[in-house]
Amino acid sequence: MGNKRYSDAAAALEGLLFDGMQICAGGFGLCGIPERLIDAIRDAGTKDLIIASNNAGIDGEGLGKLLRTRQVKKMISSYVGENKEFERQYLAGELEVEFCPQGTLAERCRAGGAGIPGFYTRTGVGTLVAEGKEVKNFDGQDYILERGIFADLAIIKGWKADESGNLIFRKTARNFNQPMATAAKICVAEVEEIVPTGSLDPDAIHLPGIYVKRMIVGAPYDKKIEFRTTRPREAA
């Protein structure tokens with residue numbers, strides 16, 4: 001298996017980045033996003049990126065950092081409503097956007113990782129999502145053809161991994177990280193802790209180490225909150 005552990009994000013991405021590449025990025029909002037790897041891509045200055053991700057973070061956080069530095073050419077996303085810079089670039093014609101229903105996006109990545117080039121779904125039939133796509137009728141119902149996604153690189157965030165790359169996600173941080181990990185030629189993971197091989201319960205593994213080619217410890221992390229809602233302190 002070789003040594004999969006690298007000293008930092010820049011070292012883990014060395015030799016993998018090039019202009020115009022496609023990246024699958026795990027995470028949902030600011031939950032389970034590969035923060036250190038995103039920072040390293042920003043610092044590398046790689047441009048004209050095509051990124052498949054559920055969303056683009058928020059202004060100045062997550063993938064929003066790459067939007068701010070104009071390194072993203074196209075986003076394949078489901079939800080982008082919390083990013084003002086994303087909205088500005090899109091409306092100004094500076095950013096290509098391929099909107100994709102959330103479940104369809106997850107399945108496109110899962111399919112790509114499983115070697116399935118395309119599949120039919122009813123989601124989006126009769127809407128803008130279906131424009132330009134093949135329509136086929138099955139048992140009296142129309143379905144549209146969606147293409148699987150298989151990128152040059154997957155960047156994901158995990159909770160705990162062993163030295164072989166077997167990985168566990170923590171609670172909702174599992175989100176898009178698992179399907180994204182399989183949907184690329186190479187997957188680089190950042191985790192909070194790496195333990196000796198054999199320390200993890202095999203039944204608890206969410207992502208087998210065969211998918212993880214390189215990994216780093218990114219901890220400690222500062223938990224970012226998208227919306228902080230408070231109420232006035234009650235009088236004593």
Side-chain angles (χ1 to χ4, degrees), residues 7-10 12 23-43 49 51-72 75-92 94-95 97 99-106 109 154-162 167-181 188-195 199-201 204-207 215-236:
S7 58
D8 55 36
I23 297 175
C24 279
F28 190 110
L30 297 181
C31 177
I33 60 173
E35 300 175 42
R36 308 293 181 246
L37 295 170
I38 291 172
D39 286 347
I41 294 171
R42 176 200 60 196
D43 295 343
L49 298 172
I51 301 180
S53 172
N54 178 69
N55 60 292
I58 61 175
D59 293 292
E61 296 293 346
L63 292 174
K65 294 180 179 181
L66 300 182
L67 287 173
R68 185 170 57 187
T69 53
R70 305 297 185 85
Q71 290 172 254
V72 183
M75 287 293 305
I76 304 173
S77 297
S78 171
Y79 178 67
V80 296
E82 307 305 331
N83 195 311
K84 298 296 184 183
E85 179 59 17
F86 185 112
E87 178 185 16
R88 190 201 66 74
Q89 290 187 25
Y90 173 60
L91 293 177
E94 300 169 2
L95 177 69
V97 179
F99 286 114
C100 184
Q102 194 170 90
T104 300
L105 178 60
C109 293
I155 54 173
I156 65 167
K157 163 78 186 307
W159 173 48
K160 186 182 293 187
D162 66 18
L167 196 149
I168 297 174
F169 300 106
R170 186 173 185 272
K171 300 182 178 180
T172 54
R174 188 172 179 178
N175 51 56
F176 271 84
N177 280 298
Q178 189 170 21
M180 293 300 190
V188 180
E190 63 179 80
V191 297
E192 298 184 34
E193 181 182 5
I194 297 177
V195 299
S199 301
L200 303 178
D201 179 358
I205 300 299
H206 295 140
L207 182 70
M215 59 183 176
I216 63 164
V217 173
Y221 290 94
D222 179 22
K223 174 60 180 173
K224 304 294 194 309
I225 299 175
E226 290 182 68
F227 295 101
R228 187 182 297 275
T229 304
T230 61
R231 64 181 180 183
R233 185 181 296 275
E234 297 179 0

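The chain is numbered in sequence order, starting from 1.
Rounded to the nearest 0.5 Å, atoms CG (N83) and CD (E61) are 11.0 Å apart. Here the straight-line distance linking atom OG of S77 with atom CG of N55 works out to 7.0 Å at 0.5 Å rounding. In this structure, S78 OG and F28 CZ are separated by 7.5 Å, a value rounded to the nearest 0.5 Å. With values rounded to the nearest 0.5 angstrom, L66 atom CG is found 6.5 Å from I38 atom CD1. One finds the CG atom of D59 at 8.0 Å from the NZ atom of K84 (value rounded to the nearest 0.5 Å). The distance from the CZ atom of R70 to the CG atom of L95 is 9.5 Å, given to the nearest 0.5 Å.
Applying the side-chain hydrogen bond (donor to acceptor under 3.5 Å, both in side chains) rule to K65 yields the partners D39; only residues at least two apart in sequence or on another chain are considered. In terms of the side chain to side chain contact (heavy atoms under 4.5 Å, CB included) criterion, residue partners of D8 (sequence neighbours excluded) are, by chain and number, A10, A11. Contacts of R88 classified as side-chain hydrogen bond (donor to acceptor under 3.5 Å, both in side chains), with partners at least two apart in sequence or in another chain: E85, E94.
Proximity of V217 to E190: side-chain heavy atoms (C-beta onward) are nowhere separated by under 4.5 Å. Under the 4.5 Å side-chain criterion, counting only non-hydrogen atoms from C-beta, F99 is not in contact with I76. At least one side-chain heavy atom of F86 sits less than 4.5 Å from a side-chain heavy atom of M75. Contact annotation: the side chain of F169 never approaches that of W159 to less than 4.5 Å [non-hydrogen atoms, C-beta and beyond]. Counting heavy atoms from C-beta outward, I216 and V191 have side chains that stay 4.5 Å or more apart. Taking the side chain as every heavy atom from C-beta outward, F176 and Q102 approach each other to under 4.5 Å. Residues I156 and V188 are not in side-chain contact: their nearest non-hydrogen atoms beyond the backbone lie 4.5 Å or more apart.
In the displayed structure, R42 atom CZ is contacted under 6.0 Å by more than 12 heavy atoms of other residues, nucleotides or ligands.
Across all non-hydrogen atoms, the minimal contact from P179 to A106 is CB-O, 4.1 Å. Between A40 and A9, the shortest heavy-atom contact is CB-CB, 3.7 Å. Considering every non-hydrogen atom in both C31 and T172, the closest pair reads SG-OG1, 3.6 Å. Here the shortest heavy-atom pairing between G26 and N177 reads CA-OD1, 3.3 Å. Of all heavy-atom pairs spanning I205 and L207, the tightest one is CG2-O, 3.4 Å. Contact record, D162 with L200: N-CD1, 3.8 Å, taken as the closest heavy-atom pair.
A salt bridge links K157 with E192: the closest approach of a Lys/Arg side-chain nitrogen to an acidic carboxylate oxygen falls below 4.0 angstrom.
Screening I23, I51, L63 for a side-chain contact (heavy atoms from CB on, under 4.5 Å) involving V72 leaves a single residue, I51.
Q178 places a side-chain N or O within donor-acceptor distance of the main-chain N or O of H206, the cut-off being under 3.5 Å.
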